[in-house]
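Have a look at the structure below, then the notes.
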Amino acid sequence: MRSIIVHGGAWDIPDDAVENHHQGILEAVSAGWEILHRGGTALDAVETAIRQMEEDPTYDAGRGSFVNAIGDVEMDASIMDGAALEVGAVAAIQDILHPITLARRVMERSEHVLLVSEGAMRFAREQDIPFCTPEDLLVGRELERWREIRKIPDYSGKIAFSGVPETGMNAPGDTVGCVALDERGNLAAGTSTGGTPNKYPGRVGDSPIIGSGTYALNSVGGASTTGWGESIMKVVLAKSVVDGIELLDMSPSAAAERGISQLRDRADGYGGVIVLDARGEPGVAWNTPRMARGWMNEKMKEPFAAV
Ligand code: ASP
């Protein structure tokens, strides 16, 4: 069954941002579904849906990314082809609107899995990936948010992800991700992010780490995660969810719930995960106040989106 699932972050999404998140998810699901519907590949569907969200300033990926502790945007992304177990990822890159496309180039045109910072950008230039200015990625909302965050003593992104009111601040976690299954039975998954607000320069989160942010294996399923990366990496969340399907014979929903329970219980973490099994059945779970998510498959008449 052709199938696609998308997320646009899990955190305490404020009421006035719900509509934009909802709309953006619908557009990303529709863009990816269009590819699958025409007989395109899962990889193309994942890249297309994520590019759509990287362009949308609503999300913390590409345009709209967070600002780090020295006022720069640094982004991470990864993509995985569940047919060939091929992976590509980039971390701490700057001035590129579509990190997911660069991650795919690493997968398809280099012998490596993960390139970071200057080396990744050098590779981007060799691959004729277009560069943009820092201003193209930095939206006023994020500069404003960064200035506010800098005023809070002992600010921690982890606390803010949970929506705990005493922080007086909601840290957005608008990372984007997608998992797709095409008509050939191939699964792909991808994730793209500007990371967490006010992160230390050079900080790399879970999103470009295969197994934590992204995982896909044709015979079992695929997953993409969002949330507090420092906790997600400790429970290798994406692979743990896929393992729930393979080793415990769980439904995608049950496997997603189990993964989020482990995130909370073992690593005191907050976040969300989307998953498809090998038949294209979707699953989603989160332990933050809200999660932006949506999906479409051959059993449905129109795409579903919710925040
Ligand atoms: N997981 C991302 C990170 O820690 C942030 C997010 O999902 O919003 O970099």
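Each ligand, and each atom within it, is numbered from 1 in the order the structure gives.
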What do you reckon, does [X] have a nitrogen or oxygen under 3.5 Å from a nitrogen or oxygen of ligand 1?
X	result
T193	no
W228	no
I232	no

For [X], take its heavy atoms, then give the atoms of ligand 1 lying under 4.0 Å from any of them.
X	answer
T226	6 (C), 7 (O), 8 (O)
T175	2 (C), 5 (C), 6 (C), 7 (O), 8 (O)
D206	1 (N), 2 (C), 3 (C), 4 (O), 9 (O)
D174	8 (O)

Next item on the list: Report the part of D76 in contact with ligand 1, treating N, CA, C, O as backbone and CB onward as side chain, heavy atoms under 4.0 Å; options are side chain, backbone, both, neither.
Entry: neither

Check: For ligand 1, does M233 get within less than 4.0 Å through its side chain, its backbone, both, or neither, judged by non-hydrogen atoms?
Finding: neither

Look at the side chain of [X] and the backbone N and O of [Y], then say whether any donor-acceptor pair between them is shorter than 3.5 Å.
X	Y	value
T48	A45	no
S192	I50	no
D243	L247	no
T196	K199	no

Check: At a 4.0 Å cut-off, with the gap strictly under it, does some heavy atom of R203 reach an atom of ligand 1?
Finding: yes

Margin query: For H112 and F123, I'd like to know if the aromatic rings sit close, meaning centre-to-centre distance below 6.0 Å.
Written below: no

Next item on the list: Kindly check if the number of other-residue, nucleotide or ligand heavy atoms within 6.0 Å of CZ (R184) is above 12?
Entry: yes

Next item on the list: Give a yes or no on whether Y200 atom OH has more than 12 heavy-atom contacts from other residues, nucleotides or ligands under 6.0 Å away.
Entry: no

Notebook entry, point to check: Hey, what's the ring geometry for F304 with W295, parallel, tilted or perpendicular (30° and 60° as the breaks)?
Noted result: tilted

Item checked: Among G229, G227, G195, closest by any non-hydrogen atom to atom 2 (C) of ligand 1 -> G227

